[in-house]
Amino acid sequence: MKVVNFAANPSLMSRYLLEMRSTEIQRDPMRFRRNLERVGEIMAYEISKVLNYKQVEVQTPLGVAKCDTPDDQIVLGTIFRAGVPFHQGFLSYFDYAENAFVSAYRKFKEKENFDICIEYLASPRLDGKTLLLVDPMLATGASMELSYRALLTKGIPAGVHLAAVIASKHAVEYLNKVMPDDTTLWMGVIDDEINSHSYIVPGLGDAGDLAYGIKE
């Protein structure tokens, strides 16, 4: 699996990551959601550089121009609920993409013991298409893996790209073991630790709560 860590080459994305981590700035849920969108937009642009293209001719007012256009059939998938604004950032750039949605959540048995449960899946057929599966936080990697496995019931994609704003080293290592070798993992930044509750440290907290309010 190929891993792209955007933090290795600081860019404007670094500013958005700073704002999402800051306990002062993240009090504004509208700004938090917009920053998720911004990171999604930047990642979409970078991912677009490794896709397949074909050349077509278009008529201009003065002649015919040869232009490159994406040749991949994109399916953009996300995991509810924190993934929605991140997904929208990607969709702003891959506006021609089909879309898939997965509900994955932690079902706690005890305070620090939980299973990942998949309850909802809406997806087009994936056969021969390029799957972009995006979720802001990769703590253990289990939600991403199970969501991918659920999507495989809709067919086998020709290529897979996974994207997250923040990942733990644990999640990166885990996904490297369980995902196909030709998968590319795109990370805004990789943090060293997860705590006993399986939250990324230093991370940014609960992305879903910061975007949409605290859940019971």
Side-chain angles (χ1 to χ4, degrees), residues 1-6 13 36-37 39-56 68-105 115-168 170-188 190 207:
M1 182 177 70
K2 181 180 179 180
V3 177
V4 179
N5 180 8
F6 286 97
M13 185 191 295
L36 282 176
E37 290 179 10
V39 173
E41 290 165 358
I42 294 171
M43 286 189 176
Y45 174 73
E46 293 299 325
I47 292 172
S48 75
K49 296 178 181 179
V50 303
L51 299 180
N52 299 303
Y53 287 80
K54 64 182 177 182
Q55 194 170 80
V56 299
D68 294 316
T69 185
D71 198 32
D72 296 68
Q73 289 182 273
I74 302 292
V75 177
L76 176 59
T78 198
I79 303 172
F80 289 143
R81 65 181 166 144
V84 173
F86 193 37
H87 178 102
Q88 184 57 51
F90 278 86
L91 190 59
S92 293
Y93 279 35
F94 293 115
D95 57 310
Y96 56 88
E98 296 178 277
N99 293 268
F101 300 93
V102 182
S103 172
Y105 72 97
D115 293 325
I116 302 296
C117 296
I118 305 289
E119 282 197 343
Y120 175 83
L121 172 65
S123 173
R125 294 299 303 176
L126 298 178
D127 302 280
K129 299 176 183 178
T130 299
L131 174 64
L132 275 60
L133 183 55
V134 308
D135 191 32
M137 309 296 287
L138 284 184
T140 67
S143 293
M144 185 70 86
E145 181 207 2
L146 290 177
S147 296
Y148 169 72
R149 301 295 176 198
L151 285 164
L152 289 184
T153 63
K154 302 299 182 179
I156 307 300
V160 179
H161 297 268
L162 309 179
V165 177
I166 301 178
S168 71
H170 172 90
V172 173
E173 292 169 358
Y174 176 77
L175 290 171
N176 189 47
K177 294 176 183 177
V178 301
M179 294 298 296
D181 292 340
D182 60 352
T183 301
T184 303
L185 184 59
W186 304 79
M187 304 288 96
I190 300 173

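In what follows, every heavy atom counts, from backbone to side chain, and hydrogens, waters and symmetry copies are set aside.
The main-chain N or O of D72 is never found under 3.5 Å from a side-chain atom of N52 such that the two would form a donor-acceptor pair. Remark: side-chain polar atoms of T153 are paired, donor with acceptor, to backbone N or O of A150 under 3.5 angstrom. At least one donor-acceptor pair under 3.5 Å links the side chain of N99 to the backbone N or O of A97.
For F94, the ring pair (Phe, Tyr, Trp, His ring centres under 6.0 Å) criterion is met by no residue, not counting sequence neighbours. Judged as a salt bridge (Lys or Arg N to Asp or Glu O under 4.0 Å), and not counting sequence neighbours, the contacts of K49 are E46.
The CG atom of D95 sits 8.5 Å away from the OG atom of S92 when rounded to the nearest 0.5 Å. Going from atom CG of N176 over to atom CE of M1 covers 4.5 Å, rounded to the nearest 0.5 Å. Residue H87 holds its NE2 atom at 12.0 Å from CG of D135, rounded to the nearest 0.5 Å. Note that the CG atom of L91 and the CG atom of L132 stand 11.0 Å from one another [nearest 0.5 Å]. We find the CG-CD1 distance between L151 and I156 to be 10.5 Å, quoted to the nearest 0.5 Å. The line from OG of S168 to CD1 of I190 is 9.0 Å long, rounded to the nearest 0.5 Å.
Counting only heavy atoms from C-beta outward, the side chains of P157 and L152 approach each other to under 4.5 Å.
The two residues A44 and Y93 come nearest to each other via the heavy atoms CB-CB, 3.8 Å. Nearest heavy atom pair, residue D127 against residue K154, reads OD2-O, 3.8 Å. In terms of heavy-atom proximity, E98 sits nearest to P124 at OE2-CB, 3.4 Å. When all heavy atoms are compared, the tightest approach of M137 to A207 is CG-CB, 3.9 Å. Smallest separation of non-hydrogen atoms from M13 and G188: SD-CA, 3.9 Å. Taking each heavy atom of I47 and F90 in turn, the nearest pair found is CD1-CE2, 3.8 Å.
Residue D182 places its CG atom among more than 12 non-hydrogen atoms of other residues, nucleotides or ligands, all under 6.0 Å distant. Around OH of Y45, the count of heavy atoms belonging to other residues, nucleotides or ligands within 6.0 Å does not exceed 12.
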Anything under 3.5 Å between a donor and an acceptor, one on a side chain of residues 73-86, the other on a protein residue two or more places apart or in another chain? List them.
| unit_1 | atom_1 | unit_2 | atom_2 | d |
| --- | --- | --- | --- | --- |
| T78 | OG1 | G83 | O | 3.1 |
| T78 | OG1 | V134 | O | 3.1 |
| R81 | NH1 | G213 | O | 3.2 |
| R81 | NH2 | D209 | OD1 | 2.4 |
| R81 | NH2 | G213 | O | 3.4 |

ask   = Please walk me through it: do V4 and H161 pass side-chain contact (heavy atoms from CB on, under 4.5 Å)?
value = CA-CA 11 Å; V4 179; H161 297 268; over 6 Å; no
ask   = Taking it one step at a time, do Y148 and T183 satisfy side-chain contact (heavy atoms from CB on, under 4.5 Å)?
value = CA-CA 11 Å; Y148 169 72; T183 301; 5.8 Å; no
query = Stepwise, does the side-chain contact (heavy atoms from CB on, under 4.5 Å) test hold for L175 with V172?
reply = CA-CA 5 Å; L175 290 171; V172 173; over 6 Å; no
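Checked against L162 for a side chain to side chain contact (heavy atoms under 4.5 Å, CB included), the options E145, M187, M179 give a single hit: M179.
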